[in-house]
Number of protein chains: 2
Amino acid sequence: MAGRSSTSLAAGAKPPAPRRTRNKPEERHREFVRKAVELFAEVGFEAGTRELAQRLGVTQPLLYRYFPSKDDLIAAVYQEIYVNRWKPEWREGLIDESRPIRDRLIAFYEDYTETIFTPEWLRIYLFAGLRGVDINRRYAATVEAEILRPITVATRKSFGLGGGDPPTPEEVELSWTLQGGIFYYGVREIVYRFPMTVDRAAMIRNAVDTFLAGVGSVMKRLAERESNSA
Amino acid sequence: MAGRSSTSLAAGAKPPAPRRTRNKPEERHREFVRKAVELFAEVGFEAGTRELAQRLGVTQPLLYRYFPSKDDLIAAVYQEIYVNRWKPEWREGLIDESRPIRDRLIAFYEDYTETIFTPEWLRIYLFAGLRGVDINRRYAATVEAEILRPITVATRKSFGLGGGDPPTPEEVELSWTLQGGIFYYGVREIVYRFPMTVDRAAMIRNAVDTFLAGVGSVMKRLAERESNSA
DNA sequence: CGTATTATTTATCGAATGATAATTAAAGGA
DNA sequence: TCCTTTAATTATCATTCGATAAATAATACG
């Protein structure tokens, strides 16, 4: 709430009394990034710096005191969303062999979707991917390493298949299909505002159950082909 | 090939001899749309009309003789991609009960992904969804009606479950998960340029097999719950 | 209280944007 | 061949954009 007032002044002739409150740089920095996340999620990265300044109740050149360029501001937005909101406990929960695989998967996807199924997360993610590939490629690499490989290994173990060796690309791709299916539910709901007829929890449960009920036979076939060719 | 020449003139001082070839409006229209698809896929809809004109070897105001505004040009691009490239035979193939469900699904997804797994299709689709929701919502509604409901019905039949009545939302959502999983493979490959380790055909085969091997038990559970609550 | 620091403002630049009006010249028909 | 039509051009306007320089005033500190 630092710096309320804005445009709702009686539409007189004179400039609206330049309110000038002096804030700590750290707080301003955080405030700027937070509002930038909001604005970029709505409009995209073409959103003007003037629009952002107006929403902050601040003049436009002030932004350039905190961020050397608009691209630096965008970089801070990426950091905020895709680094700060990542939870290491996701991986930890998935490799916790004391719980059934089904519980682990459902618990993970319920928490994960709670984090990413927001307009801010999803829309900025899509904007980023269309602007340049590095952010999304790096994020996808992290997801594969920290989420999908653990899921693949845990699933394979649950079917009594070899647990030690690293999962094959084709096995990991099976987990990607589950991940993508759930992800796309969020895109339809949040980004495309498609009228959803099944609630999120039921979707996750059914997707995970279909995956676990079906992936065993495919993994077995892949394992046999692997051992035959070896 | 109407109007070659462009910027590769000897970098003299004088204007590059205004080449003025007169073309039929219909051809120009198609040519403009085709190049607009190309440009918008690369840069997004913020791409300048001057850039487009330059790529066409034409002056910028000429665009406004064929399209009253940039938004009309964008609308023509949507028409070209999401209407003209839709194949009614997709639905026909999926409801063809003379072939096994597995063959139908694999054949459909191989042909469908061949159509949509291009930078033009995918990137413009994502751009469109971030610009406004109507295009994508309408497309998703078409996919659900023409593709996913047939898939759901055919799958249910293949498990000996009731074939007549319309599929429940939860059943359709199961097919959406498959659709989304495959769709997201294309986004990773084409848009994010993620290094793919499994080729498209294998991915489709494994995704469909996992779906068919797993969806039966979930559909049966849904059917039982349905009949119990009735 | 008075002075130094710096957060914030005002003013402005240059480039790029979508769009319009007026002008020019290529093609088709008599 | 001339004349009508209209495709395509040149010239230009009003906005908006990211960014910079200089002026101003709120705070911290002595």
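Letters A, B, ... are given to chains in the order of the sequence lines, protein chains preceding strands, and every chain is numbered from 1. If you're wondering where the values come from, they're calculated on a predicted model, not measured in any experiment.
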Q: If I take atom CG in residue Leu73(B) and atom P in nucleotide dT17(C), what distance separates them, rounded to the nearest angstrom?
A: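 Rounded to the whole Å, the gap is 15 Å.
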
Q: What is the distance, rounded to the nearest whole Å, between atom CG of Leu63(A) and atom P of dA19(D)?
A: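 One finds 10 Å between P of dA19(D) and CG of Leu63(A), rounded.
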
Q: To the nearest angstrom, how far is Leu52(B) atom CG from dT17(C) atom C1'?
A: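 Distance check: Leu52(B) CG to dT17(C) C1' gives 14 Å.
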
Q: Can the ring centres of Tyr78(B) and Phe45(B) be said to be less than 6.0 Å apart?
A: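 When the ring centroids of Tyr78(B) and Phe45(B) are compared, they turn out to be within the sub-6.0 Å range.
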
Q: So, taking the atom named CD1 in Ile182(B) and the one named OH in Tyr184(A), what distance separates them when rounded to the nearest 0.5 Å?
A: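 Between Ile182(B) CD1 and Tyr184(A) OH, I get 12.5 Å after rounding to 0.5 Å.
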
Q: How many whole angstroms separate atom CG of Leu62(A) from atom P of dG18(D)?
A: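 Those two atoms, CG and P, are 16 Å apart.
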
Q: Ring centroid separation for Tyr125(A) and Tyr192(B), is it under 6.0 angstrom?
A: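 Yes, they do, as the ring centres are separated by less than 6.0 Å.
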
Q: Quick one: is Thr59(B) getting a side-chain N or O under 4.0 Å of the dT9(D) phosphate, OP1 or OP2?
A: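 Thr59(B) to dT9(D) OP1/OP2: side-chain N or O found under 4.0 Å.
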
Q: Please report the distance, rounded to the nearest Å, between CD in Gln60(A) and C1' in dT15(D).
A: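 Interatomic distance, CD of Gln60(A) to C1' of dT15(D): 15 Å.
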
Q: Counting only side-chain nitrogens and oxygens, does Arg65(A) get under 4.0 Å of the OP1 or OP2 atom of dT20(D)?
A: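 No, because none of the side-chain N or O atoms of Arg65(A) sits under 4.0 Å from OP1 or OP2 of dT20(D).
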
Q: What is the nucleic acid contact for Ala47(B), judged by heavy atoms within less than 4.0 Å: base, sugar-phosphate only, or nothing?
A: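 Sugar-phosphate, backbone atoms only, no base.
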
Q: Would you kindly give the OH-to-P distance between Tyr66(B) and dT6(D), to the nearest whole Å?
A: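 Computing the Tyr66(B):OH to dT6(D):P distance gives 12 Å.
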
Q: Should Glu31(A) and Arg28(A) count as an ion pair when the cut-off is N to O under 4.0 Å?
A: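 Looking at Glu31(A) and Arg28(A), the cut-off is met.
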
Q: Rounded to the nearest Å, what distance is computed from the CD atom of residue Glu31(A) to the P atom of nucleotide dA7(C)?
A: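 The distance from CD of Glu31(A) to P of dA7(C) comes to 15 Å, rounded to the nearest Å.
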
